[in-house]
A.B. asks: 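One structure, as structure tokens, below. Some questions next.
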Number of protein chains: 2
Amino acid sequence: MNDPVEPGTVRPGGRTARVRAAVLRAAGDALAEGGIAQLDLADVARRADVGKTTVYRRWGTVANLVTDLLLDMAEQSLPRADTGTLLGDLTANAQLVQRTLTDQRQGALFKAIIAAATGDTRTAQALRRFYDTRINEWAPCVEQAIARGELPADTDPQEVIRAVSAPLYYRLLVTGEDLDNATADRAANAAVAAARAGTYRRNTTNASHI
Amino acid sequence: MNDPVEPGTVRPGGRTARVRAAVLRAAGDALAEGGIAQLDLADVARRADVGKTTVYRRWGTVANLVTDLLLDMAEQSLPRADTGTLLGDLTANAQLVQRTLTDQRQGALFKAIIAAATGDTRTAQALRRFYDTRINEWAPCVEQAIARGELPADTDPQEVIRAVSAPLYYRLLVTGEDLDNATADRAANAAVAAARAGTYRRNTTNASHI
DNA sequence: TCGCTAACGGTACTGTTGTCCCGTTAGTTG
DNA sequence: CAACTAACGGGACAACAGTACCGTTAGCGA
């Protein structure tokens, strides 16, 4: 009748917290090295120097583990830029994303996590929440640009920020081309050009024009 | 010394071909239903009504099977549009991609394949080749637009086509938002606006301007 | 600082994935 | 159409991921 409480929720401090940290760290390492395909919980337990049973009891499946890892990653947030122009801010954003995805460990980790989200609904939700947070942190750049008169008033800020990331993730996941600085700059430039043309306005059907 | 020839290469006709077709079809079904995580070769063999041993001998790993599936998918090609304007052509392209990714089976299949490519180099190469083909089929739309004077002469056609797909795949894989017609139209509009602004020019460092 | 019990960890067990071996079926060549 | 052998298929086997059980450690409240 009374459902057994999730392990780790009643005494979340001390050892429990240490175990979680060690396991999440090990899971990140394993994911970065071999991707989801090669991830198994027994291996994570070995890497984390933790009992196999513990990992199976607290997380149970690869999907749950990755979901928890995402929750953990969502905690750390990176501050947005404020350069005074939309192009400056979006370029800063694009370069931040580019550096992250280019980084040996981080890039592989993101790839693996996105792949994992592909096959599990709850992981996909966690991934969405993660990016919602990130995108909302940067949305003020666009709002300021609107206030400055750089963009139409009914521009959707989040959509502009997403437009910056899209080509970078597309390269990372689909075409596999090099992710260099030029790519990042192009992504920012494209987003600005499209936003100025009114592509991301909320209420109108998009009118194309010269 | 003489390396044993890959099975299926000496007598590719008749039964061998039938087995390959059945296995690839079953693999596609399984991928569309459960994603890579749930794909195992024994199950594919069962679905295809083929000996388990055969699948393990000819493909051996999930990655190899997905790679072969991609090669098979690359065979079928879809003709590009020719509406007379860049925006018309790119909108047609965006809607084609949108319909494909929205389709129950196809969408899940693409997700799964991209996830698989995440963890295996050879699969990633096959995926890249697949999209190179697709993109090159549509590049003439941009070349015509250049010839018409709609775009700067040194615009990179492939980059424009990729710019159309990027936001659609980004939604599919990362943010998980709805992929509707409006999204497709917006993707095409954004690509046109950015291309007109000179974002995809080859030789210049991008100059941003009003 | 003491006691209660949440949470951990070792070990024995089970089920399933993937391998090996060898007999059978059916392309392919002359 | 007959011989040769590539490729398939079944069943027995091995390795390891995941489960169950139970004793041990240590967080937390009084």
Side-chain angles (χ1 to χ4, degrees), chain A residues 2-27 29-31 33-68 72 112 116 119-120, chain B residues 2-27 30-31 33-68 72 112 116 119-120 123:
Chain A
N2 54 352
D3 22 29
V5 192
E6 292 273 297
T9 52
V10 178
R11 289 182 187 173
R15 180 166 61 164
T16 301
R18 281 198 303 279
V19 165
R20 177 169 183 251
V23 168
L24 291 187
R25 153 139 226 149
D29 290 347
L31 277 177
E33 284 175 32
I36 5 111
Q38 298 197 37
L39 188 73
D40 78 291
L41 302 193
D43 180 48
V44 170
R46 252 172 270 133
R47 287 169 179 261
D49 253 311
V50 154
K52 187 172 71 160
T53 313
T54 300
V55 177
Y56 279 106
R57 183 171 34 223
R58 274 187 67 179
W59 289 278
T61 67
V62 169
N64 285 339
L65 183 54
V66 174
T67 303
D68 197 27
D72 189 60
D120 182 79
Chain B
N2 55 351
D3 21 30
V5 191
E6 291 272 298
T9 51
V10 178
R11 287 181 188 174
R15 180 167 61 163
T16 301
R18 282 198 302 279
V19 165
R20 177 167 183 253
V23 168
L24 291 187
R25 152 139 226 149
L31 278 178
E33 284 175 31
I36 5 112
Q38 299 197 37
L39 188 74
D40 79 292
L41 302 193
D43 179 48
V44 170
R46 251 172 272 134
R47 286 167 180 263
D49 254 310
V50 153
K52 186 173 72 159
T53 312
T54 300
V55 177
Y56 279 106
R57 183 170 33 223
R58 273 187 67 179
W59 290 277
T61 66
V62 169
N64 286 338
L65 183 55
V66 174
T67 303
D68 197 26
D72 189 61
D120 182 79
T123 307

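Values below: all heavy atoms of this structure, side chains included; hydrogens, waters and symmetry mates excluded. We name chains A, B, ... by the order of the sequence lines, and we start the count at 1 in each one.
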A.B. asks: Measure the distance from CG on A/Asn64 to C1' on D/dG18 and round it to the nearest whole Å.
C.D. replies: 14 Å
A.B. asks: Which value, rounded to the nearest 0.5 Å, describes the distance between B/Leu65 atom CG and B/Tyr56 atom OH?
C.D. replies: 11.0 Å
A.B. asks: Does the pair B/Val62 and B/Asp40 meet the rule for a side-chain contact (heavy atoms from CB on, under 4.5 Å), with working shown?
C.D. replies: CA-CA 7 Å; B/Val62 169; B/Asp40 79 292; 5.9 Å; no
A.B. asks: Hey, what do you get for CZ (B/Arg25) to CG (B/Asp72), rounding to the nearest 0.5 Å?
C.D. replies: 11.5 Å
A.B. asks: Report the nucleotide, chosen from C/dC8, D/dG10, D/dA17, that has the shortest atom-to-atom distance to any side-chain atom of A/Asp40.
C.D. replies: D/dA17
A.B. asks: At less than 4.0 Å, is any side-chain N or O atom of B/Thr54 found next to OP1 or OP2 of D/dA7? Yes or no.
C.D. replies: no
A.B. asks: In whole Å, what is the span from the CG atom of A/Leu39 to the P atom of D/dA17?
C.D. replies: 11 Å
A.B. asks: Look at A/Arg46 and D/dA17 and indicate whether a side-chain polar atom (N or O) is within less than 4.0 Å of OP1 or OP2.
C.D. replies: yes
A.B. asks: Check the distance between D/dA7's P and B/Arg58's CZ and give it to me in whole angstrom.
C.D. replies: 8 Å
A.B. asks: CG of B/Asp43 versus P of C/dT16: gap in Å, rounded?
C.D. replies: 13 Å
A.B. asks: Out of B/Asp68, B/Val19, B/Val44, which one pairs with B/Leu24 under the side-chain contact (heavy atoms from CB on, under 4.5 Å) rule?
C.D. replies: B/Asp68
A.B. asks: Hey, does the side chain of A/Arg18 come within less than 4.0 Å of C/dC8's phosphate (OP1/OP2), counting only N and O?
C.D. replies: no
A.B. asks: Please give, in whole Å, the distance from D/dG9 C1' to B/Trp59 CH2?
C.D. replies: 14 Å
A.B. asks: Consider the side chain of B/Lys52, meaning its heavy atoms from C-beta on, and name the nucleotide among D/dG27, D/dC8, C/dG18 that approaches it most closely.
C.D. replies: C/dG18
A.B. asks: Of the nucleotides D/dA7, D/dA17, D/dA20, which one has an atom closest to the side chain of B/Thr16?
C.D. replies: D/dA7
A.B. asks: Can you tell me if the side-chain N/O atoms of A/Tyr56 get under 4.0 Å from OP1 or OP2 in D/dT19?
C.D. replies: no
A.B. asks: Working to the nearest 0.5 angstrom, can you tell me the gap between A/Arg46 CZ and A/Leu41 CG?
C.D. replies: 10.5 Å
A.B. asks: Just how far, in rounded Å, is P of C/dG23 from CZ of B/Arg57?
C.D. replies: 15 Å
A.B. asks: Using whole Å, report how far CZ of B/Arg15 lies from P of D/dT5.
C.D. replies: 17 Å
A.B. asks: Can you measure B/Leu65 atom CG to C/dG18 atom C1' for me and round it to whole angstrom units?
C.D. replies: 15 Å
